[in-house]
Amino acid sequence: MNLETVLTVTHYSDSLFSFTTTRSPEIRPFKAGQFTMIGMADDDVLRAYSIASAPSEDSLEFLSIKVAGGPLTERLQHIQPGDQIEVGDRPTGTLIIDNLTPAKRLWCVATGTGLAPFLSIVRDPATFEKFDEVIVTHTVRTVSELAYRDLLSDLPITYYPTVTREAFETPGRITERMQTGALWSDLDVSPWSPDTDRIMICGSPAFNQELRNQLSDAGFTHGTNRAAGEFVQERAFVMQRVDD
Ligand code: A2P
C-alpha cells in the first residue's frame with residue numbers, strides 16, 4: 001500500500017461520492033477497467049475500488065457509495081482534500097478491452113458504482129482505436145445517482161442512463177429494457193450478436209449473473225487474461241447500500 005493525498009471530493013447524493021488522489025510513481029501502471037485496494041491511513045480495513053481515471057492521467061479517481069456503519073466508507077466519506085489515504089500499488093483485474101476480441105461495437109453495462117471502471121475505459125483513447133462505436137448504459141435507483149452524466153454526455157459515445165425508483169425518460173432496469181425491446185428501438189440497433197457486439201458488465205452479483213446467463217445462452221464466450229472472448233465482467237465493488 002502507498003500513501004496518497006486526497007485532491008478533490010465530490011458528493012452526488014446521500015449515498016454516492018467520488019474523489020481524486022495523487023498518483024505516486026510507486027503505483028504500477030494499470031489498464032483501463034482495473035481495480036486496486038483503498039484504505040484509511042490509520043487502520044487495516046481495505047476494500048477493492050475500480051479506478052475511474054484514465055491510465056494516462058496524473059491523478060487517480062474513484063467512485064464510492066457511503067455505507068452507514070460500513071467498515072471503510074463510514075470514514076472514507078468524510079475525507080477532505082489534503083488528507084492521506086492508502087492506495088494499493090498493484091492494480092489488477094480482467095475487465096479490460098485486451099480480454100475482448102475485436103468487433104464493431106463495445107457495450108459497457110453498469111449498475112450503481114459499477115460505472116467506475118467504464119469511466120476509465122471511455123477516457124482511454126485505446127478504446128476508440130479498437131471499437132467503432134461505444135455505448136455506456138448506467139442503471140441507478142435515483143436521478144441524483146447518475147454520476148458523471150455531463151462527462152458521459154460530452155464524450156464521443158452513446159450514453160444510455162436508466163433509473164428504477166424515480167420518474168425518468170428511460171425508466172426501469174436495463175435488463176427489462178432489453179426484454180421489452182425498448183433499448184434496441186431507442187438506440188436503433190439490433191439486439192446483441194457475437195458477430196458485432198462485445199459486452200463489458202459491471203454491477204451487483206445478481207445483475208452480473210443474469211447478464212452472464214443471457215450472454216452464454218446467446219453463444220457469447222467469456223474473455224479472460226488467457227483467452228480473449230466476447231464478454232467480460234467484474235462485480236461492482238463496495239456495493240452494499242444503506243437501506244439494504
Ligand atoms: P432496482 O431499483 O429495481 O433494484 P443498487 O443501488 O442496489 O446497487 O442497484 C443499482 C441499480 O441496479 C438499481 O437501479 C437496481 O434496480 C438495479 N439492479 C439491481 N439488481 C439488478 C438485476 N439483477 N438486474 C438489473 N438491474 C438490477
Side-chain angles (χ1 to χ4, degrees), residues 10-19 33 35 38 47-52 62-74 76-77 93 95 107-122 135-149 151-153 158-187 189 191-192 197 199-218 220 222 231-244:
T10 307
H11 293 271
Y12 299 97
S13 73
D14 290 349
S15 58
L16 190 68
F17 71 111
S18 70
F19 56 96
F35 64 90
I38 296 277
R47 290 288 181 269
Y49 274 82
S50 291
I51 303 172
F62 303 95
L63 181 61
S64 182
I65 55 162
K66 309 174 189 178
V67 182
L72 176 63
T73 65
E74 174 66 39
L76 190 69
Q77 65 181 286
L95 192 79
W107 294 79
C108 300
V109 188
T111 63
T113 53
L115 182 68
F118 300 138
L119 293 168
S120 183
I121 286 166
V122 297
I135 299 168
V136 175
T137 82
H138 190 204
T139 298
V140 292
R141 296 181 184 190
T142 63
V143 176
S144 67
E145 291 170 3
L146 288 175
Y148 296 89
R149 210 174 163 182
L151 173 97
L152 291 165
S153 304
T158 299
Y159 169 54
Y160 191 82
T162 85
V163 175
T164 52
R165 301 193 191 185
E166 270 179 10
F168 193 65
E169 58 258 35
T170 42
R173 294 177 166 193
I174 195 71
T175 42
E176 291 163 0
R177 297 189 71 83
M178 287 179 195
Q179 278 147 21
T180 62
L183 174 66
W184 321 119
S185 59
D186 286 350
L187 299 183
V189 293
W192 292 341
D197 302 279
I199 323 293
M200 302 182 106
I201 303 162
C202 193
S204 64
F207 170 74
N208 280 15
Q209 186 66 51
E210 201 174 319
L211 279 186
R212 186 183 179 137
N213 293 346
Q214 185 183 321
L215 287 168
S216 298
D217 290 349
F220 283 78
H222 188 199
F231 78 96
V232 286
Q233 62 171 27
E234 191 87 77
R235 78 179 176 85
F237 297 112
V238 201
M239 60 192 190
Q240 315 96 289
R241 292 286 299 253
V242 180
D243 54 350
D244 277 349

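Read the numbers this way: they start at 1 and go in the same order the structure lists the ligands and their atoms. Index from 1, following the sequence.
Closest of all the heavy-atom pairs between P71 and R47 is CG-NH2, 3.3 Å.
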Verify side chain to side chain contact (heavy atoms under 4.5 Å, CB included) between I174 and V109, making sure each step is shown before the conclusion. CA-CA 8 Å; I174 195 71; V109 188; 4.0 Å; yes

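Contacts of T175 with ligand 1, taken as heavy-atom pairs under 4.0 Å, involve the side chain alone. Contact annotation for R141 and ligand 1: heavy atoms of both the backbone and the side chain come within less than 4.0 Å of the ligand. The proximity of E145 to ligand 1, defined as any non-hydrogen pair under 4.0 Å, does not occur for either the backbone or the side chain.
Atoms of ligand 1 lying under 4.0 Å from at least one heavy atom of E210, given by number and element, are 22 (C), 23 (N), 24 (N). The atoms of ligand 1 that sit less than 4.0 Å from any heavy atom of A206 are 23 (N).
Considering backbone and side-chain atoms alike, V140 places an N or O below 3.5 Å from some N or O of ligand 1.
Considering each of M178, R173, E166, R165, the one bringing a non-hydrogen atom nearest atom 3 (O) of ligand 1 is R173.
When side chains are defined from C-beta on, W107 does not count as touching M200, because their heavy atoms never get closer than 4.5 Å. Residues S15 and E145 are in side-chain contact: their nearest non-hydrogen atoms beyond the backbone lie under 4.5 Å apart. At least one side-chain heavy atom of L152 sits under 4.5 Å from a side-chain heavy atom of L119.
Classification of the H222-F231 ring pair by plane angle, with boundaries at 30° and 60°, yields parallel.
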